[in-house]
Amino acid sequence: MAEATRLGIPVVVASNSRNEFSSKLLAENLEKLPFSLYPGILGIAAAVQGDLEQGEGYKIIDDFAKYSKNEWLDSGIRKGYMYMADVVTGPRWQRTDGTFGEEPELISEIIARLIKGFQGEELNEDSIALTIKHFPGGEQERTDLTLIIKKENGTYTVQKVV
């Protein structure tokens, strides 16, 4: 309908992340949610670290992105404002639980895998477009962390930490 208007502007249904447990969900009826629930973001990072220590790699992140993407596609939501690339550098920050922790290299790898898992090699009709939140380093007690994000084939990925 919106595309049929004079300006032909499409409508994109967008949301914040919906596949991990948070305190917000306590007030909702969990049985009616159409999405699988994983631990909170910090819990996912902890699980990845455990897998890495056991030599199992990043399978949990790759699976999380794969299954979550399919649920998003099925729901009709095509744009996600997720996940946080912020690096925790101090205990006083109130949003620590929404991050992947305090290790920039781990965060970079997780974010790169999430982008690829949700968007694919390039944005198309089978993609969930992501906007990674917030500007990396937004919490910043430290000033020596910089995430390098590179565009390849129309997709932005975190390349390294300087």
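Residues take their numbers from the sequence shown, with the count starting at 1.
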Open item on the list: Quick one, Leu73 with Arg78, criterion side-chain contact (heavy atoms from CB on, under 4.5 Å). Give me CA distance, side-chain angles, the key distance, then yes/no.
Closed with: CA-CA 7 Å; Leu73 287 172; Arg78 303 307 299 258; 3.4 Å; yes
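Shown here for Ile107 and Ala85, the closest heavy-atom pair between the two residues is CG2-O, 3.8 Å. Pairing each heavy atom of Ile60 with each of Ala47, the nearest pair is CD1-CB, 3.7 Å. Residues Pro104 and Val87 come closest through the heavy atom pair CG-CG1, 4.1 Å. Scanning both residues, Met84 and Arg95, for their nearest heavy atoms gives CE-O, 3.9 Å. Here the shortest heavy-atom pairing between Ile132 and Met82 reads CD1-O, 3.3 Å. Nearest heavy-atom pair across Ser127 and Glu122 is OG-O, 3.3 Å.
Residues Arg18 and Leu37 are not in side-chain contact: their nearest non-hydrogen atoms beyond the backbone lie 4.5 Å or more apart. Within the 4.5 Å cutoff, the side chain of Tyr83 has no heavy atoms near those of the Ile44 side chain. A 4.5 Å side-chain heavy-atom check between Leu42 and Thr96 finds at least one atom pair inside the cut-off. Counting only heavy atoms from C-beta outward, the side chains of Tyr58 and Leu106 approach each other to under 4.5 Å. Glu109 is not listed as a side-chain neighbour of Ile61, based on a closest heavy-atom distance of 4.5 Å or more. When side chains are defined from C-beta on, Phe100 does not count as touching Val88, because their heavy atoms never get closer than 4.5 Å.
Interatomic distance, Ser36 OG to Asp63 CG, rounded to the nearest 0.5 Å: 11.5 Å. Here Thr99 contributes atom OG1 and Lys133 contributes atom NZ; the two are 12.0 Å apart, rounded to the nearest 0.5 Å. For the atom pair CD1 of Ile128 and OG of Ser68, the computed distance is 10.0 Å after rounding to the nearest 0.5 Å. Taken to the nearest 0.5 Å, the CZ atom of Phe35 stands 10.5 Å off from the OG atom of Ser17.
Ring orientation note: the planes of Trp72 and Phe118 are nearly perpendicular, at an angle over 60° on the 30°/60° scale.
No donor-acceptor pair closer than 3.5 Å links the side chain of Lys116 to the backbone N or O of Asp62.
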